[in-house]
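When reading the values below, keep in mind they use all heavy atoms of this one structure, side chains included, and skip hydrogens, waters and symmetry mates.
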Amino acid sequence: MGNLPPQVNQALALLEGAGFEAFLVGGAVRDLLRGVQVIEDWDVATNARPEQIRAAFAGWPLADTGGRHGTVTVRLDGQRLEITPYRVEAGYSDHRHPDAVRFVPSLREDLARRDFTVNALAYHPRTGVIDLVGGRRDLARGLIRCVGEPEARFREDGLRMLRALRFASTLSFRIEDATARGMEQNRAFLTELAAERVRDELTGLLCGPSAGRVVARFWRVLAGALPELAPPALGRRGWRRVGRALATLPPQPALRWTALLWEGTGPSGALAEGMLARLRLDRRTRAGVLRLLQGRTVPIQAGRKPLRRLASRWGGEAAGQLLALQEAFTQGSGPRARRRRAELQRAGALLEGLLRAGACLSLRELAVDGHDLMTALGLRGQAVGRALQACLEAVLEEQVANDRADLLAFVRGWKGIDR
Ligand code: ATP
Ligand code: MG
């Protein structure tokens, strides 16, 4: 077990000094046991009530954040900690919000309401790890398993299904059989979840190292949360292709969201746009994804000139993403697919070389500007813009080097020149 930051020990000591129990709980315990070096969120559970927590941290900066969950956020020497009273939740008539939250006196009850065994561990430096549900064994085996009866736990809170998939992807864990069956049986409840929560869990899932495997295996559950991509829009084979593509792509959100939508949304982009708006994906990512989707059928050749054109039109980064996506979706082992992948790989290497060499891709990067053309060549008005555009064309076609003297000579001899 790694060492706890001093602020965590201090929080435990302050609560105990006020006469209460306190344990580290949740993802931090899981991640300490996995040997994760950087842990961001530190959650402490205690038998103190919210007002008692605030009293124990009198003099420290506090914020009440959890609303009726009673969570108090404290900041000790720059470290944020979330202190939550032991609690249980009762009645989930809408499959997402407990009808009531009840504070309870025992850690045991608090751990029993948690989602997965690996998330239901508690730790105190004096007592060591407290494991009431076999979480350590599942952690060692790499298993996501519900605490309690999966059917009931997923019916209480449908988000847990997406959390299970997210953890399976980010931790590269398997989902235990009964837990997997519980998801398949409750996937209808996934349509009732808050869009932002779905978005966040899916982004985490898509960007995890095992996203491809999880998507290919649990696509029916995902289609429950994403009815736009349910059959017939995207069938089993389509989802498998998406899974295989995800497995090869770098874990950038825009790239992986694009891969998710690559197969099931039509050429107009309207379906994709509606879906991303519904999920409240941030504006930037949304725009990036929709643009990349427009590039599904853009022809790509492994030649310097066509790649200069592509990078000029799309921007260097997006051009690279487009290449990666087209390659990821060129699947199969036949000679055609192999040739296509080889060509896209050559294109990728060429593009990287061009970008690394600082290739000129836009008017801004030309070695001449409008001022040069006016002072050196006496151009005026619209002729300036036209000449600059001609310079860029010539540089992209590799007819002229992006060099000031060469470009001025080019403009002097340019037929379109008209003073
Ligand atoms: P992460 O690394 O993503 O922060 P985490 O396990 O800390 O993982 P949080 O969402 O921060 O996840 O939640 C903290 C803890 O609260 C979880 O470990 C789990 O014990 C419990 N928990 C969170 N969401 C749920 C839920 N929907 N149902 C039951 N328990 C939950
Ligand atoms: Mg956390």
Side-chain angles (χ1 to χ4, degrees), residues 249-258 267-269 272-273 276 281-327 343-419:
L249 288 165
Q252 302 158 4
L255 207 49
R256 295 221 170 172
W257 273 100
T258 307
S268 82
E273 191 166 2
L276 297 180
L281 212 71
D282 67 281
R283 228 167 249 291
R284 244 182 86 110
T285 311
R286 211 193 299 179
V289 170
L290 294 174
R291 187 156 179 261
L292 287 170
L293 286 173
Q294 295 303 317
R296 277 177 289 198
T297 52
V298 164
I300 294 177
Q301 292 166 34
R304 280 217 319 269
K305 287 185 225 171
L307 286 168
R308 277 186 205 272
R309 288 240 165 250
L310 185 81
S312 173
R313 184 161 316 133
W314 286 79
E317 192 192 358
Q321 292 178 320
L322 212 48
L323 254 66
L325 282 158
Q326 287 203 5
E327 189 187 333
E343 165 137 39
L344 286 165
Q345 276 160 21
R346 275 199 312 281
L350 278 171
L351 178 69
E352 221 183 286
L354 284 172
L355 297 179
R356 197 151 3 95
C360 165
L361 301 173
S362 66
L363 296 176
R364 231 174 339 103
E365 291 151 336
L366 277 175
V368 291
D369 61 14
H371 184 75
D372 290 327
L373 298 188
M374 292 193 279
T375 53
L377 301 179
L379 296 195
R380 289 290 175 270
Q382 300 201 337
V384 177
R386 279 204 305 275
L388 283 175
Q389 193 59 46
C391 285
L392 179 60
E393 294 290 323
V395 168
L396 292 175
E397 285 303 318
E398 302 191 347
Q399 290 161 359
V400 186
N402 186 27
D403 171 274
R404 186 169 186 276
D406 290 0
L407 286 169
L408 290 177
F410 166 76
V411 175
R412 266 190 214 103
W414 178 47
K415 295 205 180 54
I417 200 163
D418 141 37
R419 294 162 211 249

Quick one: do Val411 and Cys391 satisfy side chain to side chain contact (heavy atoms under 4.5 Å, CB included)? Show the steps, please. CA-CA 7 Å; Val411 175; Cys391 285; 3.4 Å; yes
Could you tell me whether the side chain of Arg291 reaches within less than 4.5 Å of the side chain of Trp314, counting heavy atoms only? yes
Does CD belonging to Gln301 count more than 12 external heavy atoms closer than 6.0 Å? no
Heavy-atom check, side chain of Val395 versus side chain of Leu407, under 4.5 Å: yes
Closest approach of Ala347 and Ala302, non-hydrogen atoms and distance? N-CB, 3.7 Å
Do the side chains of Leu310 and Leu323 get nearer than 4.5 Å, heavy atoms only? yes
Minimum side-chain heavy-atom gap Leu255-Pro250 below 4.5 Å: yes
Between Leu408 and Leu373, does a side chain to side chain contact (heavy atoms under 4.5 Å, CB included) hold up when you go through it step by step? CA-CA 7 Å; Leu408 290 177; Leu373 298 188; 3.8 Å; yes
Within a strict 4.5 Å, meaning less than it, do heavy atoms of the Arg309 and Glu393 side chains meet? yes
What heavy-atom pair brings Ala367 and Asn402 nearest, and what distance separates the two atoms? N-OD1, 2.7 Å
Is any side-chain heavy atom of Leu361 less than 4.5 Å from a side-chain heavy atom of Leu355? yes
Does any pair with a residue in residues 355-371 pass salt bridge (charged side-chain N to carboxylate O under 4.0 Å, His left out), and if so which ones, sequence neighbours excluded? Glu352-Arg356
Working to the nearest 0.5 angstrom, can you tell me the gap between Leu379 CG and Gln382 CD? 12.5 Å
Backbone N or O of Val298 within a donor-acceptor pair of the Gln326 side chain at under 3.5 Å? yes
About how many Å separate CD1 of Ile300 and CZ of Arg346, when rounded to the nearest 0.5 Å? 13.0 Å
If only atom types and distance count, is the side chain of Ser312 paired as donor or acceptor with the main-chain N or O of Arg308 below 3.5 Å? no
For the OG1 atom of Thr285 and the CH2 atom of Trp257, what is their distance to the nearest 0.5 Å? 9.5 Å
Taking every heavy atom of Leu249 against every heavy atom of Leu325, the minimum-distance pair comes out as CD1-CD2, 3.8 Å
Has Gln252 got more than 12 heavy atoms of other residues, nucleotides or ligands less than 6.0 Å from its CD? yes
Do you know which two heavy atoms are closest between Ala311 and Ala319, and how far apart they sit? CA-CB, 3.9 Å
Taking Arg412 for its side chain and Leu377 for its backbone only, find out whether a donor-acceptor pair lies under 3.5 Å. no
State the CD-CG distance between Gln399 and Asp406, to the nearest 0.5 angstrom. 13.0 Å
Which distance, rounded to the nearest 0.5 Å, do you find between the CG of Leu307 and the CG of Leu396? 11.5 Å
Check the surroundings of atom CD in Glu398: do more than 12 heavy atoms from other residues, nucleotides or ligands lie under 6.0 Å from it? yes
Nearest heavy-atom contact between Ala318 and Leu292 is O-CD2, 3.8 Å
Tell me every residue that passes salt bridge (Lys or Arg N to Asp or Glu O under 4.0 Å) with Arg313, counting only those two or more places apart in sequence or in another chain. none
Shortest non-hydrogen separation from Ala254 to Val289 and the atoms involved: O-CG2, 3.6 Å
